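Heads up, the thing below is written out as structure tokens.
Chain A is the first sequence line, chain B the second, and so forth, proteins listed ahead of strands; every chain is numbered from 1. Bear in mind the structure is a predicted one, so any value in this text is a computation, not a measurement.
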There are 2 protein chains.
Amino acid sequence: MKFEDYPAPSHPPRCAHPCEECTLRAIPAFLAVGSDEVRTIQSFRSGTRVVEAGGVIVSEDRPSPQLFTLYSGWAFRYKTLSDGRRQILGFLLPGDFIGLQDEFADGHTHGVEAVTDTTMCSFERDTLWNLFHARPKLGYHITWLAAREEKLVDDNLVTAGRRNASERVAMLLMHLYRRAERAGMVRDGWAEFPFNQQHIADALGLSLVHTNKTLRRLQRLGLYKLDSGWLRILEPHALETLGDYFERPMQPLPLI
Amino acid sequence: MKFEDYPAPSHPPRCAHPCEECTLRAIPAFLAVGSDEVRTIQSFRSGTRVVEAGGVIVSEDRPSPQLFTLYSGWAFRYKTLSDGRRQILGFLLPGDFIGLQDEFADGHTHGVEAVTDTTMCSFERDTLWNLFHARPKLGYHITWLAAREEKLVDDNLVTAGRRNASERVAMLLMHLYRRAERAGMVRDGWAEFPFNQQHIADALGLSLVHTNKTLRRLQRLGLYKLDSGWLRILEPHALETLGDYFERPMQPLPLI
DNA sequence: CGTAAATTTGACATTCGTCAATCAGTGTGG
DNA sequence: CCACACTGATTGACGAATGTCAAATTTACG
């Protein structure tokens, strides 16, 4: 397979148009919402922001005064222990809300880092309560997003706590592919997959070397292909069964 | 140490009084809230419920039509893989809100089981939006609780993914002791600790046998005592350092 | 007292981590 | 164009942490 056979990576422009015309909202993965609500969202939006690949979106040490909605690109949430061991808590795709947990901070916090070049919409943290007050519906949506993200972490905890290496990898590949698919980041069966093996190891709670060997094994079994940053699932059923992780119908998510 | 030396276990009566007089609200760990809000909470409360030790509060298969606030006792959230491996996602103490994640369910769900006899206040799930609408402040509080619970799961994920057995046990002991302390379940330095080693193993992602050996080791080192369901921390600093898990000032939490 | 559940222990198997070296791709400067 | 450096991927050898099995012991409780 030659390089030209891959779809071109997606580089949406920085969002400079009104939220009403947001290209993300056109994706069926997101909940249709009244134009009143959209206008309210826009009035609370304080700007946009670009963070290049590898850059810090939110520092692990001090929470940012802003909240974000990821508009394009991939990122991840993580925590590090004092001796440097890092655990990735979850990956972020377009539409994901960033920084909500710190709103109610008690010192505990986590960092957010960009994997690819990213763009996001920003909101001032201290206007959050106003948003709830002005539009309870949007408050309800934010709760929804918070609850949904907790469920993602729940799944990751089951993975780290109770799955072996092969099961972890199988689960993660299916999970990321499915999420990319919903976000419109899959073309002709190939999903953008900008992660290196260190990312995967840190997300799964495995060492780099063991992650490599496990990936290799599943690849040799013909379960998936990974090439130049693009992922194709060859045996979805086998991976789902191995990872004991099955797709379920998902309702459209709110988009703030 | 004889049995009489231990404080008596706490068995608050089933809540039968108005929320305004709720004994939980008297605890400084909870946020003081206006009496308007308290009355609204009471008007949304649909009843109380008792689940005995070991009983199912929420089935893993189908979400319940109710939400709960735990009023007394200990419980835990969990998921099981299809071959029976179980992961405990977190422990629940009085004041914790139960079932919010399922509000936005997509099939994925988790179970909740009582460790001790428990009592809770119930709310009808389909009135949740009304609550947000009627009192945005309470919606904000619910979001707060959701975000705070996610942070607890984040910590557990770091534990399962990146801490070794001793560090996991140290972290869990400190974590549970501190939470019990805040909830007023510590007397004379002894905290209620109703868990068996299988609970601990399932929470930490370890096997039962290895959990036992690790507990034993830390106990022989004189870091803690565990006796007849009561826990005393003998070397808090050592446990915090070992677990790389330090207490931070916590603000009062909302109570729904 | 008798039974079941929970804890404890030892022996052993397996998974996973660590170390160290090599290989492949990419970009840089000459 | 090539030598070089750098990062990420790959592999093998080995050791340590953790899991599994089976049995003994203690505790809880009717």
Side-chain angles (χ1 to χ4, degrees), chain A residues 1-3 6 9 53-54 81 83-87 115-116 159-173 193-221 224-231 242, chain B residues 1-3 6 9 52-54 81 83-87 113 115-117 159-173 193-221 224-231 242-243:
Chain A
M1 182 162 193
K2 304 192 210 72
F3 181 77
Y6 295 99
L81 295 176
D83 65 357
R85 281 174 287 180
R86 180 175 77 168
Q87 176 67 40
V115 180
T116 63
T159 296
R162 288 302 184 207
R163 280 186 247 248
N164 66 30
S166 300
E167 295 166 346
R168 293 186 205 195
V169 169
M171 185 271 194
L172 184 68
L173 291 176
F193 196 85
F195 309 105
N196 61 30
Q197 298 187 351
Q198 188 68 62
H199 288 128
I200 302 176
D202 286 346
L204 297 180
L206 295 171
S207 72
L208 176 60
V209 173
H210 200 65
T211 299
N212 174 281
K213 289 175 178 170
T214 308
L215 277 167
R216 224 69 241 307
R217 184 148 33 88
L218 298 194
Q219 199 175 46
R220 259 195 300 271
L221 288 171
Y224 75 97
K225 273 188 183 175
L226 193 44
D227 219 330
S228 310
W230 291 85
L231 168 70
L242 176 56
Chain B
M1 182 162 192
K2 300 195 212 68
F3 181 78
Y6 294 98
E52 63 191 353
L81 295 176
D83 65 356
R85 281 174 288 180
R86 180 175 77 167
Q87 176 68 41
E113 185 178 312
V115 179
T116 62
D117 291 346
T159 297
R162 287 301 183 209
R163 277 186 247 249
N164 66 30
S166 300
E167 295 166 345
R168 295 187 204 195
V169 169
M171 185 270 196
L172 184 68
L173 291 177
F193 196 85
F195 309 105
N196 62 29
Q197 298 188 352
Q198 188 67 61
H199 288 127
I200 300 175
D202 287 346
L204 297 180
L206 295 171
S207 71
L208 176 61
V209 173
H210 200 64
T211 300
N212 173 279
K213 289 174 178 170
T214 307
L215 277 167
R216 224 70 240 308
R217 185 146 35 86
L218 298 195
Q219 198 175 47
R220 259 195 300 271
L221 287 171
Y224 74 96
K225 272 190 183 175
L226 192 47
D227 219 331
S228 310
W230 291 85
L231 168 71
L242 176 56

Taking only N/O atoms, report every protein-nucleotides 28-30 of chain D pair under 3.5 Å with atom names and distance.
none

Discussion item. Going by salt bridge (charged side-chain N to carboxylate O under 4.0 Å, His left out), name the pairs with one or both residues in residues 204-216 of chain B, residues two or more places apart or in two chains.
Written reply: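 Residue pairs with at least one partner in residues 204-216 of chain B: there are none.
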
Item to complete: Quick one: label A:N212 by what it contacts on the DNA or RNA (base, sugar-phosphate, nothing), any heavy atom closer than 4.0 Å.
Response: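 Base contact.
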
Worksheet item: So, is B:R216 near the phosphate of C:dT7, with a side-chain N or O under 4.0 Å from OP1 or OP2?
Response: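 Indeed not, no polar side-chain atom of B:R216 lies that close.
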
Worksheet item: Does D:dA9 have OP1 or OP2 sitting under 4.0 Å from an N or O in the side chain of A:Q198?
Response: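 It does not, given that no N or O in the side chain of A:Q198 lies less than 4.0 Å from OP1 or OP2 of D:dA9.
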
By side chain to side chain donor-acceptor pair (under 3.5 Å) - contacts of [X] (at least two apart):
| X | value |
| --- | --- |
| B:R163 | B:T159 |
| B:S166 | B:R217 |
| A:N164 | none |
| B:T116 | none |

Worksheet item: Considering the terminal five base pairs at each end of the helix from C:dC1-D:dG30 to C:dG30-D:dC1, what angle separates the two local helix axes, rounded to 10°?
Response: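 Roughly 40°, once rounded to the nearest ten degrees.
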
Worksheet item: Which residues pass the salt bridge (Lys or Arg N to Asp or Glu O under 4.0 Å) test with A:R85, sequence neighbours left out?
Response: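 Residues passing salt bridge (Lys or Arg N to Asp or Glu O under 4.0 Å) with A:R85: A:D83, B:E167.
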
Worksheet item: Between B:R220 (CZ) and C:dT7 (P), how many Å, whole number?
Response: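 Value for this atom pair: 16 Å.
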
Fill in: For A:Y224, all residues meeting ring pair (Phe, Tyr, Trp, His ring centres under 6.0 Å), sequence neighbours excluded
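By the ring pair (Phe, Tyr, Trp, His ring centres under 6.0 Å) rule, A:Y224 matches no residue at all.
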
Worksheet item: When you check every protein heavy atom under 4.0 Å of nucleotides 15-27 of chain D, what one-letter string (B, S, -) results, 5' to 3'?
Response: ---BSBB------

Discussion item. Among residues at least two apart in sequence or on other chains, which ones pass side-chain contact (heavy atoms from CB on, under 4.5 Å) with A:Q197?
Written reply: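 Scan of A:Q197 (side-chain contact (heavy atoms from CB on, under 4.5 Å), adjacent residues dropped) gives A:L208, A:N212, A:L215.
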
